[in-house]
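Just so it is clear, the structure is predicted and the values come from calculations on it, not from any experiment. As a basis for the values below, the full set of heavy atoms in this structure was taken, side chains included, without hydrogen atoms, waters or symmetry mates.
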Amino acid sequence: MSTKKDKFTKKDKTYMELALNLARARHGHTGINPSVGCVIVKNDKIISIGQTNYNGRPHAEYNAIINSDENLTDSKMYVTLEPCNHYGKTPPCTNLIIKKKIKEVIYSIDDIDKKVKGKSFKILKSKNIIVKKGLLKKDVGNFYLTYFFNRKNKLPFVTGKIATSKNNVIYNNKSKRITDKHSDKLTHFLRYKNDAIMISYKTLNKDNPKLNCRLSGLEKFSPKRIILDNNLNTKIDSYIFNTADKENTIIFYNNANKHKITLFKKKGIKLIKSKLTKIKYFDLKIVLKKLYRIGIRNILVEGGNGLSGSFLKNKLLNQFYLFKSPKILTKSVPYKDFDHSKHLIHNYRIKSKISNKLTKDTITLYKN
């Protein structure tokens with residue numbers, strides 16, 4: 001039965017919407033695997049649900065099946081992405097679907113992974129399972145844009161963020177806070193939804209940031225900290241250095257003495273040596289490729305004017321949040337302007353202005 005001819009009911013859409021919400025809840029926390037949602041229905045009753053586990057395994061279909069206390073024979077499965085059909089670190093989900101005698105499988109879109117794409121449809125059909133696809137294709141496709149970008153380009157999906165005053169000042173020595181507490185909550189939500197956050201050592205040494213998620217109950221989902229520091233000049237009395245271990249901190253460097261390298265490694269920090277450009281900046285494309293190879297899929301860049309500008313000039317941001325406060329900050333010394341608005345205008349389009357009745361700040365999302 002072709003996708004174009006398939007007629008989906010309102011109940012079908014409701015079940016797939018639930019599956020999509022389950023997938024959304026785990027976005028940014030499933031490692032190198034996509035976040036998938038799954039709902040199993042029998043006799044018009046939801047009998048089980050599943051999501052991709054944190055760090056990517058087990059898969060949503062497996063979790064939904066093992067979560068059920070009922071017999072799954074003749075049930076219907078709704079899943080956001082094509083079920084896997086190959087052996088990896090876990091057996092194929094298609095095997096378990098067949099074994100449990102699930103009668104019908106509805107998934108929204110094909111996986112981009114060549115090992116999977118389009119093959120599950122044929123495997124399940126060959127076992128007399130009704131298979132349909134295309135339900136909520138647009139919504140689900142938008143959700144998987146980051147995953148598709150990862151797979152296609154072998155690069156992390158990069159989100160930029162910066163906060164400015166009304167007169168474009170991003171720093172002065174009199175005011176550390178530019179936006180209000182309500183905007184700050186969105187910043188911490190972005191940290192929660194990204195598996196890594198990147199700054200330069202200059203920002204680290206100037207602001208001594210924590211770079212963690214401080215939303216109540218979500219603290220354990222703080223992102224990995226990535227620091228660009230050519231000569232390992234990160235202050236050893238900083239919060240980042242003193243809370244570092246091999247799981248949460250990565251520093252890119254190029255030229256540092258043996259003593260510093262030993263000191264940072266002894267602390268447990270993961271050091272990655274990387275090339276510089278002719279103007280002695282890190283080659284950001286190379287940095288991103290290295291991060292992809294070690295499993296980083298979503299990065300939030302919260303750097304200052306220099307790092308944000310480098311990403312914007314090189315068109316390496318997939319999206320950019322510009323937080324603008326109604327405050328006017330004095331240009332006392334030292335101060336910094338955000339002077340890369342032209343790159344936003346020329347290289348990106350305004351996706352939307354995020355409205356929040358609680359804040360007077362203006363938040364604009366730009367996408368490439």
Side-chain angles (χ1 to χ4, degrees), residues 156 158-164 169-178 187 191 194-212 222-294 296 299-314 316-317 332-340:
V158 186
T159 298
K161 178 259 171 183
I162 207 161
T164 79
V169 174
I170 61 173
Y171 174 81
N172 74 7
N173 58 358
K174 293 183 179 180
S175 177
K176 279 195 170 184
R177 180 184 289 275
I178 295 176
T187 294
R191 291 179 181 182
N194 284 272
D195 44 352
I197 183 170
M198 180 186 291
I199 63 170
S200 70
Y201 81 93
K202 291 181 180 179
T203 297
L204 187 153
N205 288 345
K206 180 181 70 179
D207 296 340
N208 193 23
K210 293 183 177 179
L211 304 183
N212 55 0
S222 292
K224 291 180 185 290
R225 296 92 60 98
I226 301 167
I227 315 300
L228 302 185
D229 184 1
N230 180 14
N231 304 118
L232 295 184
N233 287 323
T234 293
K235 291 180 179 178
I236 61 173
D237 63 348
S238 65
Y239 177 88
I240 296 298
F241 186 88
N242 284 298
T243 57
D245 60 45
K246 63 181 179 181
E247 298 298 326
N248 69 6
T249 306
I250 301 168
I251 296 182
F252 282 83
Y253 77 103
N254 177 263
N255 182 27
N257 64 52
K258 289 183 179 180
H259 171 72
K260 283 188 175 181
I261 291 172
T262 301
L263 177 65
F264 279 63
K265 283 185 175 180
K266 189 175 180 180
K267 185 62 184 173
I269 295 170
K270 184 177 180 65
L271 295 180
I272 300 178
K273 192 171 185 178
S274 198
K275 292 181 180 179
L276 301 180
T277 62
K278 291 179 180 179
I279 56 175
K280 303 301 179 183
Y281 288 159
F282 281 103
D283 187 317
L284 295 176
K285 189 75 173 283
I286 291 175
V287 168
L288 293 176
K289 285 180 178 178
K290 289 184 177 184
L291 289 170
Y292 182 87
R293 286 198 289 270
I294 62 174
I296 302 296
I299 298 176
L300 177 64
V301 176
E302 271 199 55
N305 196 54
L307 186 58
S308 296
S310 293
F311 270 94
L312 285 167
K313 288 176 185 176
N314 289 286
L316 292 173
L317 293 176
S332 56
V333 179
Y335 83 91
K336 283 284 186 182
D337 270 339
F338 177 63
D339 55 11
H340 299 291

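Under the side chain to side chain donor-acceptor pair (under 3.5 Å) criterion, Thr234 pairs with Asp229, sequence neighbours left out. Under the rule for a side chain to side chain donor-acceptor pair (under 3.5 Å), the partners of Asn212 that lie at least two apart in sequence or sit in another chain are Arg214. Here Thr159 pairs with Gln319 under the side chain to side chain donor-acceptor pair (under 3.5 Å) rule; sequence neighbours left out.
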In a table with atom names and distances, give each donor-acceptor pair under 3.5 Å that connects a side chain of residues 273-281 to protein atoms at least two apart or in another chain.
{"unit_1": "Thr277", "atom_1": "OG1", "unit_2": "Ile279", "atom_2": "N", "d": "3.4"}
{"unit_1": "Thr277", "atom_1": "OG1", "unit_2": "Tyr281", "atom_2": "N", "d": "3.3"}
{"unit_1": "Thr277", "atom_1": "OG1", "unit_2": "Tyr281", "atom_2": "O", "d": "3.2"}

List, one per line, each side-chain donor-acceptor pair under 3.5 Å for residues 258-272, sequence neighbours excluded.
{"unit_1": "Lys260", "atom_1": "NZ", "unit_2": "Leu232", "atom_2": "O", "d": "3.3"}
{"unit_1": "Lys260", "atom_1": "NZ", "unit_2": "Asn233", "atom_2": "OD1", "d": "2.9"}
{"unit_1": "Thr262", "atom_1": "OG1", "unit_2": "Lys258", "atom_2": "O", "d": "2.9"}

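Atoms NZ and CZ, on Lys161 and Arg191 in that order, are 7.0 Å from each other to the nearest 0.5 Å. In this structure, CG on Leu211 lies 7.0 Å from CG on Leu204, to the nearest 0.5 angstrom. Atom OG of Ser238 is separated from atom CG of Asn205 by 7.0 Å, given to the nearest 0.5 angstrom. Taking CD1 from Ile251 and CG from Asn230, the interatomic distance works out to 12.0 Å, rounded to the nearest 0.5 Å. Taking CG of Asp237 as the reference point, atom CG of Asn242 lies at 7.0 Å (rounded to 0.5 Å).
The two residues Ile170 and Ile178 come nearest to each other via the heavy atoms O-CD1, 3.3 Å. Across Thr203 and Gly304, no two heavy atoms sit closer than the pair OG1-N, 3.7 Å. Residues Gly303 and Ser308 come closest through the heavy atom pair O-OG, 3.3 Å. Nearest heavy atoms, Ile199 versus Pro209: CD1-CG, 3.9 Å. In terms of heavy atoms, Pro156 sits closest to Leu288 at CD-O, 3.3 Å.
For residues 245-257, every residue pair satisfying the side-chain hydrogen bond (donor to acceptor under 3.5 Å, both in side chains) rule, not counting sequence neighbours, is listed here: Arg225-Thr249.
Around atom CD1 of Ile236, no more than 12 heavy atoms belonging to other residues, nucleotides or ligands sit under 6.0 Å away. The environment of NZ in Lys202 is sparse: at most 12 heavy-atom neighbours from other residues, nucleotides or ligands sit within 6.0 Å. Heavy atoms of other residues, nucleotides or ligands lying less than 6.0 angstrom from NZ of Lys290 number more than 12.
Without hydrogens or angle criteria, Asn208 side chain to Tyr239 main chain gives a donor-acceptor distance under 3.5 Å.
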Side chain to side chain contact (heavy atoms under 4.5 Å, CB included) between Val158 and Met198, intermediate numbers included
CA-CA 10 Å; Val158 186; Met198 180 186 291; over 6 Å; no
Start with the C-alpha distance between Leu291 and Phe252, add both sets of side-chain angles, then the distance that settles side chain to side chain contact (heavy atoms under 4.5 Å, CB included), and finish with yes or no.
CA-CA 10 Å; Leu291 289 170; Phe252 282 83; 3.7 Å; yes
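Evaluated for a side-chain contact (heavy atoms from CB on, under 4.5 Å) with Ile250, the options Ile294, Ile227, Leu228, Val287 yield exactly one hit, Ile294.
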